[in-house]
Amino acid sequence: MGRRALVLALGLSLVLLCAGALPAADEEGNQDESLDSKTLSAEDQVKDHSTGTRVVAGQIFLESGKSDSQSEDEENFHSQEEEKENSLEELNSLEMSNLLNQDLEEAEMQSPVLTAIGGTADGEPCHFPFLFMEKEYAECTADGREDGRLWCATTYDYKKDQKWGFCESEEQSNKRRQMQEAEDVYQIGMKILNESSKKAQKKVAYQYLLKAADMNHTKAMEKVSYALLFGDYLKQNIQSSKELLEKLTEEGSPKGQMALGFLYASGLGVNSSQAKALVYYTFGALGGNLIAHMILGYRYWAGIGVLQSCESALTHYRLVANHVASDISLTGGTVVQRIRLADEVENPGMASGMLEEDLIQYYQFLAEKGDVQAQVGLGQLHLHGGRGVEQNHQRAFEYFNQAANAGNSHAMAFLGKMYSEGSDVVPQSNETALQYFKKAADMGNPVGQSGLGMAYLYGRGVPVNYELALKYFQKAAEQGWVDGQLQLGSMYYNGIGVKKDYKQALKYFNLASQGGHILAFYNLAQMHATGTGVMRSCHTAVELFKNVCERGRWSERLMTAYNSYKDGDSNSAVVQYLLLAEQGYEVAQSNAAFILDQKASIVGENETYPRALLHWNRAASQGYTVARIKLGDYHFYGFGTDVDYETAFIHYRLASEQQHSAQAMFNLGYMHEKGLGIKQDIHLAKRFYDMAAEASPDAQVPVFLALCKLGVIYSLQYVREINMREVFSHIDMDQLLGPEWDLYLMTIIALLLGTIIAYRQRQHQAIPRPAGLRPAVPQQEPPPEHQPPQ
């Protein structure tokens, strides 16, 4: 049977090779259990993603390079294919048989022959299959042995001939058993880790992983090295993490190579070396590590340690974005919470978007009392996660169910999405999903209309009907629902149910992207990368792909880092932010710089400001206003660099012109006032102060004080600059006030003196009192009769 299967496989391979139609493997890669990394298969890395497209569930995947301008080439290609097929059919059966026999002989010659070690047939080749205990074995087995050592028979019937030998030496056997024991320990640890949400249980799980890592289990070593690096459920120890990562790198682990590259890039536990970092990142990417690809994409995009290359960045980002897009489910995936520490310090609770615990409890109270809006809101929060609420499909299902029973169309539609997608909590059921979608759509709900469109588009519970799918997507899109807009764009892009129209596809993808849909960004990126329906723009494509990549599952570490910082563990937080910063997350760059600015103890005291300056610079280059102002401050005060007023002035001016920052305008006013880095100019200083007051109401009070000070300085400067004696000598009073100006002046002086005298006399007169009333007189005062007469 094995020989027949091999002949069939070789024959099929020969047919495909002769026809020239061997397709590239369409795999999505192996997904690691960790949120930190995903690994690509070898086929995925060599696939050509640069030509052609197909649309699956709203996602445009590049495939075969089809475009309207290439129709002639395609026809020629297909005609050539037909000629090849015809020529193949002309081969007679004898020639094919000879070819197959030749290939079979070559395959048998190339396959390694397993030789028995010891036993009763030492040195003889193992015979597969062999019969033992009335069961055929096609490979070595440990059955019948208590020590678990693998053996084989050298003839077909072991019972008859008793010819056998070991398949491995004793040393190999011990090593295999040790690795099996390590695998068992690793699986126990991973089971506890995945099934428990309690911190204490996760710590127990990592003790099992530590034990497996000590037994040289590769995946356990990867998990432990990351835990030691970030301080996840193990005490942070960068040196121990480095040792494990070096060991993993020697074994060729892509995750180990990427993490070691990160250590060299950030200078944690080793002397910083961007050259070594680039080498390790490259090896990690070649091994299929998605985070390494993302880091290289950002480095080529920003020109960090390499020559800036948009096309190289596009290659890396597109590869990662393909996998992120393929992971997006109908429910949309988890929400990425981006919290800026600098903004949160200035406006506590406002900038983060996090919900306070008491507010969540208040909504839960309302939901329990039957408030439908609270039930739907909490259902959506638990479905997607975010804003301080963990993703929990069980809670989401319960809240949606309560609201749906109360007749809420939105809850019905989301229940339909959950049944359509399926999960551990909600079993996948197209029929149940269709019922909920129909109920919601009949009530005019756009989510239900979009879900019904998906059912008709892909034949989920109903026959495929493109006209009805288009109709429901249009209804949903008219109400602004992003899923409807996305699917409508996909239908126009692919010409499903409508005439192919790239302009309409672009329009609907743009509308969906304004609602923040990841797949809309992905589809737009593909169109800009290939120049489909738009002018090709590498820069735009890279920015869009970068946006998609930053929605990958590794983005959950943003919240992990934030929680570490809130718990007071700034060292753990800064390392996590630094890795995310390497991946190009602007919010991570600014947060890492913010923590370093506060003198994080994980780096030397003399290195905090230079490192913070580096990350403020990277964040500023991505358009973050506060980072640009911070760069100006660092150069103004000489933090991590020499005092350079001119460079500070440039950064403030950029923040003022590009982001209209009131703080930058105020700083520019001050520098003009003092003449720092620019020629002193009080008039320009006043202008920038006025602009700052107009840009932000918060700047009005400091601007008022600055203008008061500026007025005093201007007056003193004016007085200092003029000669009073010369001024009076040049004044001609006869010309100014007339020939009798002295009489006028004497009259005015007399009137002023008269007014003052009259006022003083009135002050000395006693104030008359009403009859019958006397003021209270202290005992030490003389009696009333001795008072002066009124």
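Nothing here was measured: the structure is a model prediction, and the numbers come from that model.
Here A627 pairs with W616, A619, A620, Y624 under the side-chain contact (heavy atoms from CB on, under 4.5 Å) rule; sequence neighbours left out. Residues forming a ring-ring contact (aromatic ring centres under 6.0 Å, His included) with F666 (at least two apart in sequence, or on another chain): Y689. Residues passing the ring-ring contact (aromatic ring centres under 6.0 Å, His included) test with H635 are H651, sequence neighbours excluded. The ring-ring contact (aromatic ring centres under 6.0 Å, His included) test applied to Y206 returns Y233, not counting sequence neighbours. Considering only residues two or more places apart in sequence or on other chains, Y645 meets the ring-ring contact (aromatic ring centres under 6.0 Å, His included) condition with F636. Residues meeting the salt bridge (charged side-chain N to carboxylate O under 4.0 Å, His left out) test with R536, sequence neighbours left out: E311.
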Check residues 261-275 and write down every donor-acceptor pair under 3.5 Å in which the side-chain atom is one partner and the other belongs to a residue at least two apart or another chain.
from : atom 1 : to   : atom 2 : distance (Å)
S266 : OG     : F262 : O      : 2.7
S272 : OG     : Y264 : O      : 3.4
S273 : OG     : K276 : N      : 3.3
Q274 : OE1    : R299 : NH1    : 3.2
Q274 : OE1    : R299 : NH2    : 2.7
Q274 : NE2    : A265 : O      : 3.0

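Applying the salt bridge (Lys or Arg N to Asp or Glu O under 4.0 Å) test to residues at least two apart or on different chains, the pairs with a partner in residues 660-681 are E673-K709. For residues 571-623, there are no disulfide (SG to SG under 2.5 Å) pairs, not counting sequence neighbours. Applying the disulfide (SG to SG under 2.5 Å) definition to pairs two or more places apart or across chains, those involving residues 538-599 are C310-C538. Within the structure, salt bridge (Lys or Arg N to Asp or Glu O under 4.0 Å) contacts touching residues 561-570 (residues at least two apart or in different chains) are E344-K566. Among residues at least two apart or in separate chains, salt bridge (Lys or Arg N to Asp or Glu O under 4.0 Å) pairs with a member in residues 627-637 are D597-K630.
Under a 4.0 Å N-O distance rule, the pair K247/E243 does not qualify as a salt bridge. At a threshold of 4.0 Å, the pair E246-K242 counts as salt-bridged, since one of the basic side-chain nitrogens sits closer than that to a carboxylate oxygen. The existence of a salt bridge linking E582 and R618 is confirmed by a sub-4.0 Å separation between a basic side-chain nitrogen and an acidic carboxylate oxygen.
By the 30° and 60° cut-offs, the orientation of the rings of Y637 relative to F639 is parallel. Taking the six-membered ring where tryptophan is involved, the planes of Y609 and Y634 are perpendicular, since the angle between them exceeds 60° and thus also 30°.
Heavy atoms only, all atoms of each residue included: K223 and L209 are closest at CB-CD1, 4.1 Å. Residue A292 comes nearest to A285 through the heavy atom pair CB-N, 3.5 Å, listed as atom of the first residue, atom of the second, then distance.
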Legend entry - Chi angles and distances behind the salt bridge (Lys or Arg N to Asp or Glu O under 4.0 Å) call for D232, R557: CA-CA 11 Å; D232 291 342; R557 191 162 286 284; 3.3 Å; yes
